[in-house]
Amino acid sequence: MTIKDLTYMLLTVEEETELQRDLELLQNKEYSAFYTANERIIRNILFLENLDEFLDFVNEEVLDVECFCFAYLCEKQYGISLGIYEDDVRPTLTSFLNGKGINLSELQILFDKERIYTECDDMDNFKASISAMNQILNHTGERLIVFEDSMYCDCEYSLFLVTEDLYTDIVESWESDNFDIYI
């Protein structure tokens with residue numbers, strides 16, 4: 001399974017049409033129109049503030065389609081993006097899971113226990129925390145899956161809530177040049 005496969009499995013028909021249109025703009029090098037349609041996503045991926053900066057970027061490099069698809073999914077609320085040096089991701093996780101209809105009372109004990117860090121040092125407890133959340137979510141038929149990306153910055157995580165069956169399919173057949181399954 002590729003990122004595009006996963007993306008098209010999650011999107012509505014309207015969102016899929018929008019994404020295909022955006023990718024055509026990118027492929028056809030219609031960068032101004034692409035930037036206008038995706039300014040927020042581009043800012044999240046590349047940390048560029050305006051069209052001129054984006055045009056400078058695409059003049060020398062190619063925007064990675066895999067990264068764009070994951071950022072597009074996060075923009076559409078199918079997942080969240082977390083930086084590697086986040087002090088405490090509990091508010092972000094709470095908001096995301098709440099928006100997905102997950103009963104947070106079961107996770108509250110875990111959230112109350114300690115802050116959840118995504119730092120590259122001894123304090124990093126992100127992986128252990130996601131594993132603990134997945135154990136709590138076992139009875140729901142859903143799982144959190146985290147992908148690690150180091151394409152444009154040191155490291156960034158994209159986190160999604162997927163069905164147990166989709167999780168299994170992803171883990172068994174994942175293919176990506178830029179994204180590794182973190183957990």
Side-chain angles (χ1 to χ4, degrees), residues 1-86 89 92-93 95-96 99-100 117-120 124 126-127 130 143-163 166-183:
M1 175 177 302
T2 67
I3 289 173
K4 276 188 164 180
D5 296 332
L6 176 61
T7 301
Y8 290 124
M9 292 174 101
L10 298 176
L11 296 178
T12 66
V13 173
E14 294 82 17
E15 292 166 336
E16 186 176 324
T17 300
E18 180 183 296
L19 177 62
Q20 288 172 343
R21 183 193 71 238
D22 290 342
L23 291 176
E24 286 174 14
L25 289 172
L26 185 62
Q27 182 179 1
N28 294 333
K29 298 183 180 183
E30 296 177 38
Y31 298 129
S32 293
F34 177 81
Y35 180 84
T36 300
N38 299 288
E39 182 177 348
R40 192 170 144 151
I41 296 172
I42 292 167
R43 221 178 259 151
N44 290 338
I45 298 171
L46 301 173
F47 309 103
L48 301 176
E49 293 299 320
N50 57 51
L51 174 60
D52 290 335
E53 288 180 9
F54 180 66
L55 293 175
D56 287 344
F57 172 84
V58 294
N59 198 27
E60 296 183 23
E61 295 188 48
V62 175
L63 178 62
D64 185 76
V65 172
E66 288 187 329
C67 291
F68 179 75
C69 286
F70 261 142
Y72 184 88
L73 284 172
C74 291
E75 178 70 20
K76 297 297 181 182
Q77 307 300 310
Y78 290 99
I80 55 174
S81 180
L82 302 168
I84 188 63
Y85 297 108
E86 303 261 350
V89 297
T92 305
L93 289 170
S95 177
F96 173 70
K100 294 295 180 188
Y117 296 91
T118 59
E119 297 180 14
C120 290
D124 186 322
F126 182 64
K127 193 173 207 175
I130 296 297
R143 286 187 60 109
L144 294 168
I145 187 167
V146 181
F147 300 91
E148 182 179 6
D149 165 33
S150 54
M151 181 72 178
Y152 294 116
C153 57
D154 286 345
C155 183
E156 186 168 75
Y157 300 119
S158 296
L159 180 139
F160 297 90
L161 181 70
V162 296
T163 64
L166 181 53
Y167 177 87
T168 302
D169 289 346
I170 293 168
V171 170
E172 289 177 355
S173 63
W174 187 245
E175 297 175 29
S176 173
D177 293 331
N178 302 318
F179 287 83
D180 294 317
I181 295 173
Y182 182 72
I183 186 168

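Start at 1 with the first residue, then count along the sequence. These numbers come from a predicted model, not from an experiment. Values reported hereafter were calculated over all heavy atoms of this structure, with side chains retained and with hydrogens, waters and symmetry mates removed.
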Checklist entry - Does a side-chain heavy-atom distance below 4.5 Å link S158 with V146? => result no
Next on the checklist: How close do K100 and Q77 get, counting heavy atoms only, and between which atoms?
Outcome noted: NZ-O, 2.9 Å
Checklist entry - Between Y167 and L144, which heavy-atom pair has the shortest distance, and what is it? => result CE1-O, 3.9 Å
Checklist entry - Do D64 and D177 have side chains that get closer than 4.5 Å, going by heavy atoms? => result no
Next on the checklist: Centroid separation under 6.0 Å, is that true for the rings of F34 and F68?
Outcome noted: yes
Item to check | Distance, nearest 0.5 Å, that separates OG1 of T7 from CD of Q20 | outcome: 11.5 Å
Checklist entry - Can you tell if the side chain of T92 reaches within under 4.5 Å of the side chain of L82, non-hydrogen atoms only? => result yes
Checklist entry - Between L46 and L63, does a side chain to side chain contact (heavy atoms under 4.5 Å, CB included) hold up when you go through it step by step? => result CA-CA 9 Å; L46 301 173; L63 178 62; 3.9 Å; yes
Checklist entry - Roughly how far, to the nearest 0.5 Å, is CD1 of I80 from CG of L159? => result 4.5 Å
Item to check | Reported CZ-to-CG distance for the pair R21 and L19, which is rounded to 0.5 angstrom | outcome: 9.5 Å
Item to check | Close side-chain approach of L11 and T17, heavy atoms under 4.5 Å | outcome: no
Next on the checklist: When you measure from the side chain of D5 to the backbone of T2, do you find a donor-acceptor pair of N or O atoms at a distance under 3.5 Å?
Outcome noted: yes
Checklist entry - What heavy-atom pair brings M1 and M9 nearest, and what distance separates the two atoms? => result CE-SD, 3.7 Å
Checklist entry - Does any non-hydrogen side-chain atom of L55 lie less than 4.5 Å from one of L51? => result yes
Item to check | Approximate separation, where rounding is to 0.5 Å, of I170 CD1 and L6 CG | outcome: 4.5 Å
Checklist entry - Which atoms form the tightest heavy-atom contact between L10 and L166, and what is the distance? => result CD2-CD2, 4.1 Å
Next on the checklist: Measuring from atom CG of D22 to atom SG of C69, what distance do you get when rounded to the nearest 0.5 angstrom?
Outcome noted: 10.0 Å
Checklist entry - Checking side chain to side chain contact (heavy atoms under 4.5 Å, CB included) for the pair E75/N44: CA distance, chi angles, key distance, verdict? => result CA-CA 9 Å; E75 178 70 20; N44 290 338; 4.1 Å; yes
Next on the checklist: Y157 and ring pair (Phe, Tyr, Trp, His ring centres under 6.0 Å): which single residue from F147, Y117, F126 fits?
Outcome noted: F126
Checklist entry - What's the verdict on side chain to side chain contact (heavy atoms under 4.5 Å, CB included) for I145 and I130, showing C-alpha distance, side-chain angles and the deciding distance? => result CA-CA 8 Å; I145 187 167; I130 296 297; over 6 Å; no
Checklist entry - Backbone N or O of E49 within a donor-acceptor pair of the E53 side chain at under 3.5 Å? => result yes
Next on the checklist: Show, in sequence, the C-alpha distance, side-chain angles and deciding distance for D180 and D149, and conclude whether the side chain to side chain contact (heavy atoms under 4.5 Å, CB included) test is met.
Outcome noted: CA-CA 7 Å; D180 294 317; D149 165 33; over 6 Å; no
Next on the checklist: Exactly one of Y182, F179, F70 should register a ring pair (Phe, Tyr, Trp, His ring centres under 6.0 Å) with F160. Which one does?
Outcome noted: F70
Item to check | Residues K76, E18: salt bridge by 4.0 Å N-O rule | outcome: yes
Item to check | Listed partners of E24 passing salt bridge (Lys or Arg N to Asp or Glu O under 4.0 Å), at least two apart | outcome: none
Item to check | Heavy-atom pair of closest approach, residues N178 and S176 | outcome: N-OG, 3.1 Å
Checklist entry - Is there a donor-acceptor contact under 3.5 Å linking the side chains of Y72 and E15? => result no
Next on the checklist: Quick check: closest heavy atoms across K4 and V65, and the distance to 0.1 Å?
Outcome noted: CE-CG1, 3.8 Å
Checklist entry - Which value, rounded to the nearest 0.5 Å, describes the distance between S32 atom OG and L25 atom CG? => result 10.5 Å
